[in-house]
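Here is the structure we will look at, set down as structure tokens.
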There are 2 protein chains.
Amino acid sequence: METDKVLHLRKLSQQYAFSALQMHEAIARNAGFSSTDHKYLGFFIKHGSMTAGELAALTGLTTGAITGLIDRFEALKLVKRTYDPRDRRKVIILPNSKRIQSLLEPFYRKFQEETEKLLKEFSENECIVLEKFFEKSIALMTKTFTTVNQ
Amino acid sequence: METDKVLHLRKLSQQYAFSALQMHEAIARNAGFSSTDHKYLGFFIKHGSMTAGELAALTGLTTGAITGLIDRFEALKLVKRTYDPRDRRKVIILPNSKRIQSLLEPFYRKFQEETEKLLKEFSENECIVLEKFFEKSIALMTKTFTTVNQ
DNA sequence: TTATATATCTTAGCAGGTAAGATAAATACA
DNA sequence: TGTATTTATCTTACCTGCTAAGATATATAA
């Protein structure tokens, strides 16, 4: 790809990220969550259970913030605190993924449908291009995040 | 594209959005901005000057929050309040895009370089695929945001 | 056993958000 | 024209959720 096109696509990818961010925040507000809480609900669905410390490390939040976050989610019965019998200091956060999903789903349904419709427009080969781009970009952003986040 | 692949790609696109979000927040913290402020600095670079009310409408923040946001940026000389001579109630926010860019650039340099390197791996035709995906997705997310954000 | 390290929680203080009302300027209309 | 209404932004009071630092409880090391 030529330099001009590269710069154009880089801009587009920035704009994509910005739009995603805007949309997620708007949906969070609508669903009655703070932007942070909404973000980590998705995180739970993806990762399943983890300890409070792991969550703090992954998110870059302090342990104090994590305590508050778990408290809020627990009050809504979206997660449950359990304790590691082998190390009773540890708090294992057990998400109720179904309940989380069913709570968020109404707000995403239309968007997800339309995303799927959009993706169906792409051919098998085009799909591979997108896949390659996503995978490499995700790796790059995760690396950048990890580097910066210490 | 087949249904299976569609679902896989939808997941990837979600993960992409999440990674972008994480990275942006980490960079914001590093650069000494709140996540919101960082987000809107990029917004200013992209859109140029606008009125406080336009910014409130575009962001979904209340006018009170916008007043605070402009105050913070003005204190850092990143934007300047000017007044519309034809309607003196209006506050026109004049961003100092160069200063904003030079402030953020160090934190993005490496990432942008690597993104460009990654994009160079794609052919002309593949570039068109990515472009199409981005443009349509951005339109879709913007529509979703606008719908939800009222 | 005692010291140290680790995982999470608690507390105090702060930053930035909202809602509601204040202010000032523009517009509409009798 | 003068008065009422609307509009754009700012101010204020209050609230939420973050950090930093220290407390607590448990695990590990010496």
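No hydrogens, no waters, no symmetry mates; every other heavy atom, side chains included, goes into these values. Residue numbers begin at 1 in each chain, while the letters A, B, ... track the order of the sequences. Remember, it's a predicted structure, so these values are computed and weren't measured experimentally.
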(Q) Side chains of A/Lys39 and B/Gln22 only: does a donor on one sit below 3.5 Å from an acceptor on the other? (A) yes

Q.
Of the listed nucleotides (C/dG17, D/dG17, D/dT19), which one gets closest to any side-chain atom of A/Thr62?
A. D/dT19

Q) Rounded to whole angstrom units, what separation is found between the CD atom of A/Glu54 and the C1' atom of C/dT8? A) 13 Å

Q) If you round to the nearest 0.5 Å, how far is CD1 of A/Ile66 from CD of A/Glu54? A) 11.5 Å

Q: Provide, to the nearest angstrom, the distance between the NZ atom belonging to A/Lys90 and the C1' atom belonging to D/dT24.
A: 18 Å

Q) Between A/Phe111 and B/Phe145, does a ring-ring contact (aromatic ring centres under 6.0 Å, His included) hold up when you go through it step by step? A) CA-CA 10 Å; A/Phe111 173 70; B/Phe145 166 71; over 10 Å; no

Q. Between A/Leu69 (CG) and C/dT8 (C1'), how many Å, whole number?
A. 14 Å

Q. When the distance from CZ of A/Arg88 to C1' of C/dT8 is rounded to whole Å, what number comes out?
A. 14 Å

**Q.** Between C/dC14 (C1') and B/Arg72 (CZ): distance, integer Å
**A.** 13 Å

Q | A/Ile66 or A/Arg89, whichever maps to the more 5' nucleotide of DNA chain C | A | A/Arg89

Q) CD/A/Glu126 to OG/A/Ser123 distance, rounded to the nearest 0.5 angstrom? A) 3.5 Å

Q. B/Ile70 has an atom CD1; how far is it from atom C1' of D/dT9, in whole Å?
A. 9 Å

Q: Identify whether any heavy atom of B/Ala52 sits under 4.0 Å from a base atom; if not, whether one sits that close to sugar-phosphate; answer base, sugar-phosphate or nothing.
A: sugar-phosphate

Q: Would you indicate what B/Gly68 reaches in the nucleic acid, counting non-hydrogen atoms under 4.0 angstrom: base, sugar-phosphate, or nothing?
A: nothing

(Q) On the nucleotide C/dC9, are OP1 or OP2 found under 4.0 Å from the side-chain N or O atoms that A/Arg81 carries? (A) yes

Q) Hey, which of these two, A/Thr63 or A/Pro85, hits DNA chain D nearer its 5' end, going by closest nucleotide? A) A/Thr63

Q: Look up atom NZ in A/Lys11 and atom OG in A/Ser13, then write down how far apart they are to the nearest 0.5 Å.
A: 11.5 Å

Q: Round to the nearest Å and state the distance from A/Leu61 atom CG to C/dA15 atom P.
A: 18 Å

Q | Whole-Å gap separating C1' (D/dG17) and CG (A/Asp37) | A | 9 Å

Q) Is the shortest side-chain N/O distance from B/Thr36 to OP1 or OP2 of C/dG17 below 4.0 Å? A) yes

